[in-house]
Amino acid sequence: MRTDTLQPPSKTPRHARLLVIDDHEDLALALSATLSAARFAGITLTVERHNRAASALEHAEAHPIDVAVVDIQLPDMSGVQLLRSLKMARPHCEIIIMTGFATMGVAIDALHAGAFAFVEKSFRPEELIATVEQALRKAQLQRDRDELEQRYLALVELTDVLVMGLDEHDRVVFFNRKALSVAGCTQDDAAGRPFVETWVAESEHLYIRETMRLIRSDGLPREVEAWFVDFSGAPRTVVAGKTRRRRIRWHLSRSSPHTYGMVYGIGTDVTVRRELEKRAADAEAMSVMGRLALSLAHEIRNPLNAAVLQLHLLGRYIQKLPVDAETIEAMQQKAHIVGDEIGRLNRLLTEFLELSNVRQLGSDVVDLREIVSSVLALEADAVRAKGIELAAKLARQPCLVLGDGEKLKQVFINVLVNAIEAMPEGGTLQVQVDVDKGHVRMTVIDTGPGIDVEILDQVFDPFFTTKEAGTGLGLSIVRKIVEHHGGTVSVSSERGKGTEVTMVIPIAKSLSPPALAGEAPSSLSRREKGGLPGKPIA
């Protein structure tokens, strides 16, 4: 009966190179023969000999070397000097020093220079072979370690996730390439900086610090999500509801059960995912709002109109009451308050309907320069009344887009009114309209109090407002109309330094050269045109 025995898979022996460097020709030849004939488990050895340091060093610079056996005295260089040069050329090379008249000082110098071992002549062959084998093993371990480090480093650097290491004081030890890209800095900029204070939004500092403390305390990994802000500290910019800040989900863990200082983090950018989730939720809410608005608008507007008429009649009756003038004035003031509140409800309903309305927009050729001029003329009295200095710089050539003129006019009115209301004590209002790379850019800059970075992301959310009597729908409507025209809206602001709103809309692509020269029809009537394009408006 035949019995098969499973044999372990054969492992290809690793090849290693060894240099014997001795000016005594017979000794060098004997050493080379002895080491070539020796058996090293898992290693095939190539032995080469040199009698001068210069030729040995030249060979080492041209070929990888694992181990060198070096005589302490050579004709052109001492063995210790050659040791240092070999280490510079081949850092992983292990060097064994041989000498026939060893002294303690020579041995110490050799070991300080990085010698693996110090062998005195005459030595037994078995002793030298054992020393060389140990040196080969060490050289291989160092090479394997470096190879693994390079592989891990390449993996960390090339991966599309953020990787970071923090010391016991939460200072950055390293960021990988992705983390540096998101952080907006170099490795030298990042190293040693406090991670939480530099790259985490201020509102989440306590949350992240507490998480770090718990990880170091119990050793359990945790997942956190936080805003990752850029390194520059510049004002954040919201573009169609998206900010330059990134929402990062971190998996944080301690380096090992016995290390309480280092914390490693692997982060994934979930900004787009959170934005899509928010957009989906907003779309669903808008759909519900639209159905609710359309069904209730008629029922709400009728009572509001009736209330306005009754207030008008009430005002006339108050005038005829047989009471003193002071009482009449007090009653009229209360009626006026009721009228203002009804007006506010009516405006809210109008904006609510506007935001939820999905009717088809117009597709006329519209000159945004003319729209801006007409709105500036319309709001000129409000600007002067608040002591605001207005500077308008409008393009000289027509700024033609394809769209709904009335809706685009509403966009600019909403943004301009927001800027005016942000400066009740006066300030500077800059308005710019220009054509840039196939787009018309409208910019409104005020010197009001600005918007906190922490709430800048929410300025386009329906019903979010910082005004006492605001509806929170103005910028939502602006974004909706601009996006329906294929454009984008961005808001840049910093507390105490004002706000800048920029609307970018593509120019009309199908216009002929005469139209671009200013001969295209405009959707604005002559009555609406005003202002002096290209010149400041006081």
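Here the structure is a predicted model, which means the values were calculated and not measured. The basis for the numbers below is simple: all heavy atoms, side chains too, and nothing from hydrogens, waters or symmetry mates.
Note on E389 versus R384: no salt bridge recorded, every NZ/NE/NH1/NH2 to OD/OE distance being 4.0 Å or above. Under a 4.0 Å N-O distance rule, the pair E225/R274 qualifies as a salt bridge. The pair R247-E204 meets the salt-bridge criterion, since a charged nitrogen lies less than 4.0 angstrom from a carboxylate oxygen. Ion pairing of D170 with R193 is absent here, as no side-chain N (NZ or NE/NH1/NH2) approaches a carboxylate O to less than 4.0 Å.
The closest donor-acceptor contact from the side chain of N176 to the backbone of V161 lies under 3.5 Å. A donor-acceptor distance shorter than 3.5 angstrom exists from the side chain of H485 to the backbone of D404, with no hydrogens or angles considered. R222 places a side-chain N or O within 3.5 Å of a backbone atom of L220 that can act as its donor or acceptor partner. Although no hydrogens or angles enter the test, the distance criterion places a donor-acceptor pair under 3.5 Å between the side chain of S373 and the main chain of R369. Side-chain N or O atoms of D446 include one that pairs as donor or acceptor with a backbone N or O of T499 at under 3.5 Å. Of the possible donor and acceptor atoms, one in the side chain of H205 sits under 3.5 Å from a partner among the backbone N and O of V200. Judged by distance alone, with hydrogens and angles left aside, the side-chain atoms of S217 form no donor-acceptor pair with the main-chain N or O of R213 at under 3.5 Å. Judged purely by atom type and a 3.5 angstrom limit, D367 uses its side chain to pair as donor or acceptor with the backbone of C399.
Across P221 and S253, no two heavy atoms sit closer than the pair CB-CB, 3.9 Å. Nearest heavy atom pair, residue P398 against residue V435, reads O-CG2, 4.3 Å. Looking at every heavy atom in both residues, M423 comes nearest to L429 through CE-CB, 3.9 Å. Of all heavy-atom pairs spanning G403 and V366, the tightest one is O-CG2, 3.6 Å. Contact record, T502 with V504: CG2-CG2, 4.0 Å, taken as the closest heavy-atom pair. Pairing each heavy atom of P91 with each of M88, the nearest pair is CD-O, 4.2 Å.
Atom CG of L309 has more than 12 heavy atoms from other residues, nucleotides or ligands within 6.0 Å. Around the CZ atom of R249, the shell of radius 6.0 Å holds more than 12 heavy atoms that belong to other residues, nucleotides or ligands. Heavy-atom contacts from other residues, nucleotides or ligands closer than 6.0 Å to NE2 of H312 number 12 or fewer.
Distance check: L162 CG to K178 NZ gives 6.5 Å after rounding to the nearest 0.5 Å.
A side-chain contact (heavy atoms from CB on, under 4.5 Å) with W199 holds for exactly one of V182, I208, V172; it is V172.
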Could you pull out all donor-acceptor pairs under 3.5 Å where a side-chain atom in residues 324-339 meets a protein atom, sequence neighbours excluded?
unit_1 : atom_1 : unit_2 : atom_2 : d
D324   : OD1    : E326   : N      : 3.1
D324   : OD1    : T327   : N      : 2.9
D324   : OD1    : T327   : OG1    : 3.1
D324   : OD2    : T327   : OG1    : 3.0
H336   : NE2    : D340   : OD2    : 3.3

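In this structure, F195 and F175 have perpendicular ring planes: the angle between them is above 60°, well past the 30° mark.
Ring centroid separation for the pair Y264 and W250 does not come in under the 6.0 Å cut-off.
Two residues are said to be in side-chain contact when any heavy atoms from C-beta on lie closer than 4.5 Å; L252 and M212 meet this criterion.
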